[in-house]
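Notes for the one structure printed next.
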Amino acid sequence: MGKNIIIVGGGPAGTIAANSLAKKLKKEEASITVIDKTGKHVYEPGLLYLTFGEQDPKDIVRNERDILNKKVSLIVDEATKIDTKREIVELKRGDKLHYDYLIIATGARLCPEEVPGMKEGAYHFYNVDEALKLKDALNKFDKGKIVIGVGGVPYKCPPAPAEIACFLDYKLRRKRIRDKVEIHYLSPLPRIFPIESIDPIVKEIFDKEEIKYTTFFNVESVDPERKEVKSLEGETIGYDLLILIPPHKGSKVIEDSLLGDRGGWVPTDRYTLKVKGYDNVYAIGDATDLPISKSGAAAHYEAKVVANNIASEIKGNESLDKYNGKVVCICDSGNKAIYLKFDYDHPPKSTRPRWIYRLLKLTFNKLYWHTVAKARFL
Amino acid sequence: MSEEPKVDRLIDARNTFCPGPLMELIRAIREAKVGEIIGVLSSDTGSKRDIPLWVSKTGHKLIGIYEKKGYAEIVVQKMR
Ligand SMILES: Cc1cc2nc3c(=O)[nH]c(=O)nc-3n(C[C@H](O)[C@H](O)[C@H](O)COP(=O)(O)OP(=O)(O)OC[C@H]3O[C@@H](n4cnc5c(N)ncnc54)[C@H](O)[C@@H]3O)c2cc1C
């Protein structure tokens, strides 16, 4: 009888793992099941473009069933408990599913309630509904001060808040109201950009475009009445419109199954991607506790490694891959973009912003559904 | 030489570039209880400058920076 492979989570990590496994394994060798609570697949890099009207929800949200290989079963339900002793995943509706191999790909959960005043006082763009609300608010905004900050670490796509600051600058210039709007970016770090070697390039853009910034500003609370944001470091800054990246935690099922650290992130070996202490349980994508950027790119490369290793084990092959920490990211400033590539052994190299990289990103946004998500070509 | 303190939580951020060791420390400090001691392993030389700077700005305590082969262990106590 074939092995039961269960994948919890149908975002990029779970979907790419499932589709890669389906290509490597015959039906008799394994049954592959994805459990996803929404049945929808969101391409989150598109959220920035949604906020500025360059993409529509239909461009960035698809039915998970349409992306999954036919050999993969999809269960649309919430996994409520993972019992690693009995090797069982429990679903909300009561079913219990046994696994031989488990891949945890439950991503991150947004927790705006963790910052006092954030829900009432700030916008964000980290899911479709909130990005659309921000889009409306920005369309109506014609003068005043827009403040952009980070409500908690870790958060997905570390360059995203600096990206939205540049995007805003570019869009406001095109609307010819840039002179009426102040943009003020609050960085949690002692520099604007997370990667030190790239920071001078981003700083040059901020200085040239007159985007103000304050460093070492880790948001502690928001006062929606006074329209002020306070930092852990003790500073207070006023705003007219506040964009705050909400704090993230691991999925609730991780907490409820006592599988996570304090933030609900799954302790994971940085090379094998096995959950620490287990031989047949893996974690990939944003769900892990790995100190690398929570990105679709990492999720993609990790999914490939895990799919290869599970398939090899089932087929009795010895060839096991290791994840080398690879991340590729294109940071778009609205008219040009920076291309970055790095792994555990190779720090990111400094590059100039170019329009061609933006074109590459826009093309990738479309190709994603037909290539990466389906585990084709890349 | 003074003995290295026992840490309540150790974070291995060696050879990672984004978001980087300081962001990992900020996360651990946010999650820690007052009095807990956190160790961060970092191979990024900038951490030895950035982490003490942030720690003093936020009123936490830098217990020490311990040089190892190719990396440093930076130990911090949450004070408030
Ligand atoms: C604004 C923005 C811009 C970004 N830009 C980029 C970029 O340019 N490049 C890049 O590489 N990355 C980018 N990212 C990050 C990237 O989108 C994420 O890192 C990626 O989605 C992670 O994939 P994942 O599969 O691990 O998690 P997710 O995409 O979060 O998927 C997890 C899935 O698991 C499901 N799930 C969770 N818990 C359960 C449960 N208990 N039972 C069943 N299902 C469950 C969820 O419903 C979800 O479908 C961006 C993110 C944002 C928000």
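In the text below, chain A, chain B and the rest are named by the order of the sequence lines, each starting its count at 1.
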What do the steps show when you test B/Asp50 against A/Leu189 for side-chain contact (heavy atoms from CB on, under 4.5 Å), and what is the final call? CA-CA 8 Å; B/Asp50 293 351; A/Leu189 296 173; over 6 Å; no

Go through the atoms of [X] and report whether side chain, backbone, both or neither lie under 4.5 Å from a heavy atom of chain B.
X: A/Asp261; result: side chain
X: A/Tyr344; result: both
X: A/Glu233; result: both
X: A/Phe193; result: neither
X: A/Glu114; result: neither

Taking atom [atom1] of [X] as the centre, report whether more than 12 heavy atoms of other residues, nucleotides or ligands fall under 6.0 Å from it.
X: B/Lys33; atom1: NZ; result: no
X: A/Lys361; atom1: NZ; result: yes
X: A/Lys274; atom1: NZ; result: yes

Minimum-distance pair of heavy atoms, taken over all atoms of B/Met23 and A/Pro188: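 Heavy-atom minimum between the residues: SD-CG, 4.1 Å.
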
Picking from B/Asn15, B/Val40, B/Thr16, B/Asp12, what satisfies side-chain contact (heavy atoms from CB on, under 4.5 Å) with A/Pro291?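 Of all the options given, the one that passes is B/Thr16.
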
What's the separation between atom [atom1] in [X] and atom [atom2] in [Y], rounded to the nearest 0.5 Å?
X: A/Phe216; Y: B/Ile26; atom1: CZ; atom2: CD1; result: 7.0 Å
X: B/Trp54; Y: A/Leu232; atom1: CH2; atom2: CG; result: 6.0 Å
X: B/Arg27; Y: A/Asp289; atom1: CZ; atom2: CG; result: 6.0 Å
X: A/Glu220; Y: B/Arg30; atom1: CD; atom2: CZ; result: 7.5 Å
X: A/Thr215; Y: B/Leu53; atom1: OG1; atom2: CG; result: 8.5 Å

Side chain, backbone, both or neither: which part of B/Ala32 has a heavy atom under 4.5 Å from chain A?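 Looking at B/Ala32, backbone and side chain both touch chain A.
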
Atom group of B/Glu31 that falls short of 4.5 Å from chain A, counting heavy atoms: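 Both backbone and side chain.
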
Taking the side chain as every heavy atom from C-beta outward, state whether B/Cys18 and A/Leu340 have any pair of such atoms under 4.5 Å apart.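 Not in contact.
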
